[in-house]
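One structure is given below, encoded as structure tokens.
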Amino acid sequence: MHLYRTHNCSELRLTDKNKSVKLSGWVHRKRDHGNLLFIDLRDHYGITQVVLDKKNKYFSTAEKTSSESVITVTGNVVPRSDETLNKKIPTGEIEISVDEYITESSSKPLPLEVNSDKDYGEDTRLKYRYLDLRRFKMQKNILLRNKVISLIREGMNKQNFIEIQTPILTASSPEGARDYLVPSRINPGKFYALPQAPQQFKQLLMIAGFDKYFQIAPCFRDEDSRADRSPGEFYQLDYEMSFATQEDVFNALEPVLFDVFTKLTKNFHISKPPFKRISFDECVTKYGNDKPDLRNPLILSNVTDVFKNSSFKLFADSINKGSIVIAIPAPDTKDQPRTFFDKLNSWAKSEDQGGMGYVQFINNEGKGPIANNLDKDRLKKFLEIDGMNGNSSIFFLCGKADEIMEFAAIARMKIANELKLIKENEFQFCWVIDYPMYQKNVETNKIEFSHNPFSMPQGGLDELKKKNPLDIKAFQYDIVCNGVELSSGAIRNHKPEIMVKAFEIAGYTKKDLEKQFSGLLQAFNFGAPPHGGCAPGIDRIVMLVAGEPNIREIIPFPFNQKAEDLMMNAPAEVDEGRLKELSLKISDLKKKD
RNA sequence: GGGGGUGUAGCUCAGUUGGUUUAGAGCGCCUGCCUGUCACGCAGGAAGUCGCGAGUUCGAGUCUCGUCACUCCCGCCA
């Protein structure tokens with residue numbers, strides 16, 4: 001017989017009766033009847049009930065075994081009587097009658113209970129992550145993560161993408177997030193950086209002729225955390241393709257995502273490839289931002305003209321000063337009480353907005369303070385808006401164009417939530433395409449890249465030379481699911497002369513470019529294939545599939561909000577000797593305590 | 001760096017307008033009883049700097065100020 005087990009704790013059935021078996025696992029729960037003792041023995045696979053009575057020579061040892069101790073038991077598979085079946089677990093038809101009982105490792109009282117789904121503070125959970133991970137929910141989430149990753153690998157391999165590892169110690173990238181730096185011992189005073197993404201390497205792999213690359217790539221960024229952003233590190237499905245159009249890049253990813261979401265969720269409606277393509281401009285106009293939740297049927301419209309020179313002075317005056325008015329329809333609200341509208345208005349005020357006006361239509365008749373100040377022809381215009389009917393309402397937000405859209409996006413979700421219009425059990429994917437190549441920095445008034453500087457501008461060198469930079473689009477795109485931005489990608493700029501011009505517009509000289517991106521730039525001079533790719537975030541995909549609102553629930557060992565590992569004690573101070581070896585000196589340390 | 005929320009037993013939380021003696025409950029832990037439970041049951045017990053510091057008050061877990069921790073958000077994330 002095997003030293004530890006002949007079966008796992010989810011395997012045994014009635015058909016195994018009378019077999020002599022050996023099981024190992026954790027003491028999940030004990031039910032001590034004084035002269036009869038039940039132990040739920042748990043391993044990764046499930047639970048099997050173990051039973052001993054007073055006559056058993058291991059009885060008192062077993063009675064004293066604490067929760068979460070690891071034991072090995074040998075015994076017979078005994079069928080349970082009809083009254084004692086447990087239909088909740090797959091092994092509930094049998095139990096193990098103990099012949100031998102070995103304590104492999106005993107457990108002290110626990111800082112968090114493994115056998116419950118009780119909520120614990122995150123610092124406790126992270127400090128004792130190995131206990132937290134033993135719990136059912138975390139086992140499930142990590143298992144799901146594994147399935148997401150293996151389905152992705154399968155999907156990419158099937159399309160002949162080649163998985164290639166790129167360096168973890170690399171050069172600091174001048175743009176983008178802060179990167180983590182690693183001092184070099186051999187080159188005093190110099191630093192490596194951990195990659196924010198393998199961006200340049202994947203482009204170099206295309207130039208190296210590998211045609212189609214992918215990687216489950218770790219990415220390191222020194223940013224502050226959010227519920228959907230774990231500080232420190234995260235993973236991307238990084239992929240890149242040679243001789244590919246934007247459509248080719250989309251076609252490669254869509255079936256993989258569809259497969260992952262279809263296989264790993266139950267009773268969800270998932271948008272089928274090809275996913276909807278929405279231009280950046282259209283997206284902002286209709287949804288207020290570039291990460292629309294398409295489960296929400298409400299669409300924004302600009303009704304500035306309707307209020308212009310109207311007798312609703314508040315808006316009319318504001319419009320004369322350069323504001324715009326955005327309308328959000330609220331369908332089928334004829335029975336909504338006054339408080340419904342008041343509540344939303346005061347919500348808008350609590351969000352530091354002027355307020356949220358409205359017109360309520362009941363049998364085509366406009367009601368409310370704004371309706372009283374608008375003539376019939378103007379009111380009629382509202383009924384012509386997409387999604388409106390004679391018993392709908394319409395909300396208004398008035399403000400400066402570059403400020404109000406952001407809030408309109410939030411208000412659109414708020415109204416839809418209030419009216420319960422967001423369909424649960426749906427995953428709605430879309431590509432947002434045609435991003436602007438450049439944007440104006442509001443503070444400095446300078447033209448800068450709006451996304452990846454290596455994206456190919458649409459129209460090539462010609463348009464770069466002729467067009468107003470702010471009107472130039474890039475072959476740059478994002479994929480969005482239910483309002484969550486999964487990634488961005490682009491068809492890359494593989495022509496040095498276009499690149500020089502593109503950087504010149506953003507205020508970089510050829511010399512800057514050569515200095516900061518010498519390796520990549522030089523590579524483009526030795527025959528570079530046109531190429532493009534994308535890099536959806538694995539953690540966010542797992543979050544969506546798992547239905548978890550917090551990204552730390554699907555990462556085995558995440559940092560806390562202060563980017564600390566409470567279990568491993570990282571980051572930590574190091575010996576003076578180590579610092580010296582690295583030619584480092586700590587100065588200006590902020591005082592604590 | 002800034003804003004909101006939270007902080008009471010090992011854990012999750014209750015604690016009224018500032019006033020009932022010794023600040024409670026459930027889980028966990030300890031002791032005893034219990035041979036068919038499966039979140040076993042029953043009886044008992046230990047366990048508290050009410051985050052910390054100051055203030056107001058006859059009186060503070062409760063009010064005020066400061067501070068720290070946790071959490072969510074803004075900034076940041078080409």
Side-chain angles (χ1 to χ4, degrees), chain A residues 28-42 47-56 59 63-64 66-68 78 80-89 91-92 95 97 107-128 131-132 173-179 196-197 199-200 219-232 234 350-352 406 410 435 437-439 441 443 448-455 474 476 485 487-490 503 506 508 516-517 535 537 549-550 552 560-562 564 566 590 592-593:
Chain A
H28 186 69
R29 184 167 268 129
K30 281 185 312 184
R31 287 173 296 279
D32 188 350
H33 291 234
N35 294 311
L36 182 69
L37 174 65
F38 298 100
I39 295 174
D40 287 341
L41 189 63
R42 184 199 72 236
I47 285 174
T48 300
Q49 179 165 276
V50 166
V51 63
L52 302 87
D53 71 11
K54 191 87 187 182
K55 286 170 264 169
N56 194 304
F59 186 81
E63 224 181 6
K64 280 182 216 135
S66 55
S67 284
E68 293 307 310
V78 179
R80 300 204 205 174
S81 67
D82 286 350
E83 321 83 69
T84 62
L85 296 176
N86 183 355
K87 288 186 178 133
K88 288 185 215 157
I89 55 172
T91 60
E95 64 196 7
S97 168
S107 172
K108 292 205 287 192
L110 298 159
L112 63 85
E113 287 158 42
V114 174
N115 64 14
S116 83
D117 51 8
K118 193 161 92 178
D119 205 20
Y120 285 84
E122 213 166 45
D123 38 349
T124 307
R125 291 181 57 197
L126 292 182
K127 186 168 178 189
Y128 301 98
L131 292 178
D132 190 35
S173 125
E175 304 225 17
R178 266 184 302 270
D179 27 37
Q196 296 176 29
Q199 181 64 37
Q200 293 191 50
C219 303
F220 305 89
R221 296 182 190 173
D222 187 0
E223 307 162 324
D224 286 344
S225 83
R226 288 291 182 278
D228 64 351
R229 202 169 73 195
S230 189
F234 62 97
S350 73
E351 299 283 309
D352 291 328
E406 197 181 331
I410 300 168
Y435 271 79
M437 184 80 190
Y438 301 100
Q439 64 190 17
N441 185 314
E443 282 165 22
E448 54 188 32
F449 289 111
S450 68
H451 271 72
N452 188 328
F454 296 110
S455 298
Q476 167 86 43
E485 185 193 318
S487 83
S488 57
F503 272 77
Y508 296 86
Q516 292 178 355
F517 305 103
N550 191 311
R552 293 186 289 274
N560 70 3
Q561 254 188 359
K562 282 163 66 186
E564 296 164 323
L566 297 176
K590 273 188 198 165
K592 267 195 144 185
D593 312 281

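Here the structure is a predicted model, which is why all the values come from computation and not from measurement. Below, read A as the first sequence line, B as the second, and so on, with proteins coming before strands; counting in each chain starts at 1.
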Legend entry - Stepwise side chain to side chain contact (heavy atoms under 4.5 Å, CB included) test for Arg178(A) and Glu223(A): CA-CA 7 Å; Arg178(A) 266 184 302 270; Glu223(A) 307 162 324; 5.6 Å; no

Legend entry - Side chain of Gln561(A) (C-beta onward), nearest among C70(B), A78(B), U71(B): U71(B)

Inset, instruction - Would you mind telling me which of U37(B), C73(B), C70(B) lies closest to the side-chain atoms of Arg80(A)? - result: U37(B)

Legend entry - Pair assignment for G28(B), Watson-Crick or G-U wobble, requiring both distances under 3.5 Å: none

Inset, instruction - Could you tell me whether the side chain of Lys54(A) and the main chain of Phe59(A) form a donor-acceptor pair under 3.5 Å? - result: no

Inset, instruction - Rounded to whole angstrom, note down the C1' distance from G19(B) over to U62(B). - result: 11 Å

Inset, instruction - Considering only atom C1', compute the distance from U56(B) to G2(B) and round it to an integer number of Å. - result: 30 Å

Legend entry - Lys562(A) side chain, from C-beta outward: closest of C76(B), C70(B), C11(B): C70(B)

Inset, instruction - Tell me which of Lys88(A) and Leu566(A) sits closer to the 5' end of RNA chain B, going by the nucleotide each one is nearest to. - result: Lys88(A)

Legend entry - Rounded C1' spacing from A46(B) to G24(B) in Å: 16 Å

Inset, instruction - Please state the P separation for the pair U57(B) and U64(B) - nearest whole angstrom. - result: 16 Å

Legend entry - Whole angstrom value for the distance that separates C1' of U37(B) from CZ of Phe59(A): 13 Å

Inset, instruction - Can you tell me the pairing partner of G1(B) across any strand shown, Watson-Crick or G-U wobble, with both distances under 3.5 angstrom? - result: C74(B)

Inset, instruction - Indicate whether OP1 or OP2 belonging to C72(B) is found under 4.0 Å from a side-chain N or O atom of Asn550(A). - result: yes

Inset, instruction - Measure the distance from CD on Glu63(A) to P on C30(B) and round it to the nearest whole Å. - result: 12 Å

Legend entry - Interatomic distance, Asp119(A) CG vs C70(B) C1' [rounded to whole Å]: 13 Å

Legend entry - Gap in Å between the two P atoms, one belonging to G32(B) and one to C72(B), rounded: 44 Å

Inset, instruction - Using a heavy-atom cut-off of under 4.0 Å over every strand shown, decide if Leu52(A) touches base, sugar-phosphate, or nothing. - result: nothing

Inset, instruction - Specify the separation, in whole Å, of atom CG of Asp222(A) and atom P of C76(B). - result: 15 Å

Inset, instruction - Tell which nucleotide pairs with C63(B), taking only Watson-Crick or G-U wobble pairs whose two distances are both under 3.5 angstrom. - result: G55(B)

Inset, instruction - Would you mind reading off the distance between Phe234(A) atom CZ and C77(B) atom P, rounded to a whole angstrom? - result: 13 Å

Inset, instruction - Looking at every strand, decide which applies to Phe38(A) at a 4.0 Å heavy-atom threshold: base, sugar-phosphate, or nothing. - result: base

Inset, instruction - State, with a plain yes or no, whether a side-chain heavy atom of Glu63(A) is found less than 4.5 Å away from one of Leu52(A). - result: no

Inset, instruction - Sticking with atom C1', work out how far C34(B) lies from G48(B), rounded to a whole angstrom. - result: 33 Å

Legend entry - Distance between C1' atoms of G1(B) and U16(B) (Å, rounded): 40 Å

Legend entry - Presence of donor-acceptor pair under 3.5 Å, side chain of Arg552(A) and base of U71(B): no

Legend entry - Under-3.5 Å donor-acceptor pair between Arg221(A) side chain and C77(B) base: no

Inset, instruction - Could you tell me whether the side chains of Gln49(A) and Arg31(A) share a donor-acceptor contact shorter than 3.5 Å? - result: yes

Inset, instruction - Record whether the side chain of Arg29(A) comes under 3.5 Å of the base of C40(B) through a donor-acceptor pair of N or O atoms. - result: no

Inset, instruction - When you get a sec, tell me which of G10(B), C73(B), U37(B) is the closest nucleotide to the side chain of Gln49(A)? - result: U37(B)

Inset, instruction - Check every atom of C72(B), U37(B), C29(B) against the side chain of Thr84(A) and return the nucleotide holding the closest atom. - result: U37(B)

Legend entry - Interatomic distance where CG belongs to Leu37(A) and P belongs to C38(B) [whole Å]: 14 Å

Inset, instruction - Specify the residue among Leu112(A) and Lys55(A) whose closest nucleotide of RNA chain B lies further upstream toward the 5′ end. - result: Leu112(A)

Inset, instruction - For Asp32(A), report the nucleic acid contact type (base, sugar-phosphate, nothing); a contact means any heavy atom under 4.0 Å. - result: base

Legend entry - Phe449(A) and Met437(A): CA distance, side-chain angles, deciding distance, side chain to side chain contact (heavy atoms under 4.5 Å, CB included) verdict: CA-CA 6 Å; Phe449(A) 289 111; Met437(A) 184 80 190; 4.0 Å; yes

Inset, instruction - Show your reasoning for whether side chain to side chain contact (heavy atoms under 4.5 Å, CB included) applies to Tyr120(A) and Tyr128(A). - result: CA-CA 11 Å; Tyr120(A) 285 84; Tyr128(A) 301 98; over 6 Å; no

Inset, instruction - Record whether the side chain of Arg31(A) comes under 3.5 Å of the base of C34(B) through a donor-acceptor pair of N or O atoms. - result: no

Inset, instruction - State which of A78(B), G1(B), C38(B) makes the closest approach to the side chain of Asn86(A). - result: C38(B)

Legend entry - Nearest-nucleotide pick for Leu36(A), side chain only, options being G36(B), G28(B), G75(B): G36(B)

Legend entry - Separation of atom CD in Glu68(A) from atom C1' in G28(B), rounded to whole Å: 13 Å

Inset, instruction - Answer yes if the side chains of Glu68(A) and Ser107(A) hold a donor-acceptor pair under 3.5 Å, and no otherwise. - result: no

Legend entry - Complementary nucleotide of A69(B), counting Watson-Crick and G-U pairs under 3.5 Å: U6(B)

Legend entry - C40(B) base stacked by His33(A) (centroids within less than 5.5 Å, tilt under 30°): yes

Inset, instruction - State whether the distance check finds a donor on one side and an acceptor on the other, under 3.5 Å, for side chain Glu95(A) versus base G36(B). - result: yes

Legend entry - Protein-nucleotide distance (Leu131(A), atom CG; C11(B), atom C1'), rounded to Å: 13 Å

Legend entry - Under-4.0 Å salt bridge between Asp224(A) and Arg229(A): no

Legend entry - Touch class at under 4.0 angstrom, heavy-atom based, for Gln199(A) against every strand present: base

Legend entry - Gap in Å between the two C1' atoms, one belonging to G28(B) and one to G10(B), rounded: 7 Å

